[in-house]
Amino acid sequence: MNNFKAAAAGLAALAFAAMPTAFAQAQDYPSRPVTMVVPFSAGGPTDTVARLVAESMSRSLGQQVVVENVGGAGGTRGAGQVAKASPDGYTILLHHIGQATAATLYRKLPYNVLTDFEEVGLVTDVPMTLIGKSGLEPKDVTELVAFVKDKKDGVIYGNAGVGSASHLCGMLFMSALGTQMTTVPYQGTGPAMNDLVGGQIDLMCDQTTNTTGQIKAGKVKAYAVTTPNRLKSLPDLPTMQEGGVKDFEIAVWHGVYAPKGTPKEVVTKLNAALVAALQDPKVIARFADLGTEPVALDRATPEVHEKFLAAEVAKWKPVIEQAGVFAD
Ligand code: ASP
């Protein structure tokens with residue numbers, strides 16, 4: 001055997017020897033705790049969804065699913081960390097619509113949203129609400145529109161950074177009004193909500209999973225919901241369209257991801273645990289309190305999630321390009 005053939009044979013033997021190990025690892029999965037990265041701060045809406053789902057998945061998997069908050073850069077720091085993690089199922093990501101919008105918003109994204117992940121399944125679609133600090137002058141959306149047009153960058157809008165849902169919602173609002181506000185980025189809307197309640201910022205648009213409690217407690221002023229129809233959980237809150245802002249529609253969907261190359265058996269186990277969580281009465285009840293519900297189970301599959309992500313990237317690309325907002 002020449003040297004080249006010997007080396008090739010050696011490599012093949014090595015690969016063969018490694019195969020049963022990878023197989024056995026997938027069979028035994030999970031044999032230790034799983035880290036679920038949330039790319040925003042603790043206490044925010046994505047974190048809330050993740051903690052509910054992680055607790056239920058822990059029961060199904062027989063191992064703790066531990067939430068780790070890796071905020072920053074509109075969710076791209078946490079997502080990037082998972083894209084580069086070992087593809088063994090022990091590091092997963094629960095992200096939102098920002099996974100799709102980052103593909104266009106970030107000019108130098110250090111990962112590819114479409115090719116660097118294995119989709120595990122969709123989780124939930126969450127409406128957003130436009131809210132102001134308590135005591136903000138305008139009493140409804142019509143007055144708010146006039147107020148923002150008048151004060152422009154004198155209005156301070158909090159968001160979770162470029163690429164976040166709150167950024168996207170604010171961007172749509174500003175482009176509908178043809179004006180600019182001053183935006184303040186946080187690592188998540190958990191801390192932004194603290195500042196809104198404290199009166200340090202004026203406005204925010206965020207998932208009902210973060211805003212419902214504060215709206216009901218009267219700690220913030222609710223203006224509108226961003227879905228075409230009113231919500232059962234906040235029936236008195238008008239839609240943006242009712243308030244005269246036409247064609248305004250955005251909801252935040254969440255999905256679970258593993259790094260590309262995670263064995264299929266592992267993705268299947270994660271998906272089964274996710275599907276069980278979506279049928280867990282405790283998760284369903286808490287989601288309902290927060291103005292959302294689990295996705296229909298036929299959407300909680302890797303295949304549907306993969307197609308949906310690609311469709312969302314394509315849907316938001318022209319909107320973002322037209323708005324001309326980019327980040328490096
Ligand atoms: N709601 C945030 C956003 O604007 C993220 C979060 O803190 O969950 O995208």
Side-chain angles (χ1 to χ4, degrees), residues 36-54 67-82 93-106 109 113 122-132 156-174 181 183-197 201-215 220 222 225-227 248-257 286-287 290-292 309 312 316 319-320 323 325 327:
M36 177 184 272
V37 170
V38 169
F40 299 105
S41 316
T46 309
D47 180 68
T48 298
V49 166
R51 282 176 199 271
L52 278 167
V53 168
V67 169
E68 185 185 330
N69 301 88
V70 183
T76 60
R77 205 161 77 80
Q81 188 169 307
V82 176
L93 172 73
L94 190 143
H95 201 349
H96 68 18
I97 187 172
Q99 179 79 330
T101 55
T104 309
L105 278 164
Y106 282 81
L109 204 58
V113 299
L122 293 167
V123 179
T124 178
D125 299 301
V126 188
M128 300 188 87
T129 49
L130 184 61
I131 56 177
I156 302 176
Y157 178 89
N159 67 25
V162 175
S164 65
S166 43
H167 167 252
L168 203 61
C169 183
M171 189 184 90
L172 294 178
F173 188 55
M174 289 188 273
M181 298 182 279
T183 52
V184 179
Y186 293 79
Q187 294 212 344
T189 44
M193 178 63 93
N194 291 341
D195 278 5
L196 188 72
V197 170
I201 58 174
D202 298 316
L203 269 187
M204 183 164 86
C205 179
D206 202 23
Q207 288 114 288
T208 55
T209 30
N210 197 31
T211 64
T212 306
Q214 305 290 10
I215 292 172
V220 294
V225 58
T226 62
T227 44
F248 194 102
E249 190 182 334
I250 177 172
V252 177
W253 53 270
H254 295 275
V256 174
Y257 304 80
R286 190 73 190 118
F287 273 9
L290 298 173
T292 184
L309 175 69
E312 282 286 289
W316 287 103
V319 181
I320 293 163
V325 214

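Small disclaimer: the values here were computed from a predicted structure and weren't measured. Ligands are counted one by one from 1 in listed order, and the atoms in each one are counted from 1 as well.
- Across H254, H167, H96, a single residue satisfies ring-ring contact (aromatic ring centres under 6.0 Å, His included) together with F40, and that is H96.
- A donor-acceptor contact shorter than 3.5 Å is absent between the side chain of Y157 and the backbone of M174.
- Ordered by chain and residue number, the residues placing a heavy atom less than 4.0 Å from ligand 1 are F40, P45, T46, H96, A160, S164, A165, S166, G188, T189, D206, Q207.
- The closest donor-acceptor contact from the side chain of N210 to the backbone of T189 lies under 3.5 Å.
- Between the side chains of T209 and T48, not a single donor N or O lies within less than 3.5 Å of an accepting N or O.
- S41 places a side-chain N or O within 3.5 Å of a backbone atom of Q187 that can act as its donor or acceptor partner.
- Within the 3.5 Å criterion, the main-chain N or O of I156 finds a donor-acceptor partner in the side chain of D202.
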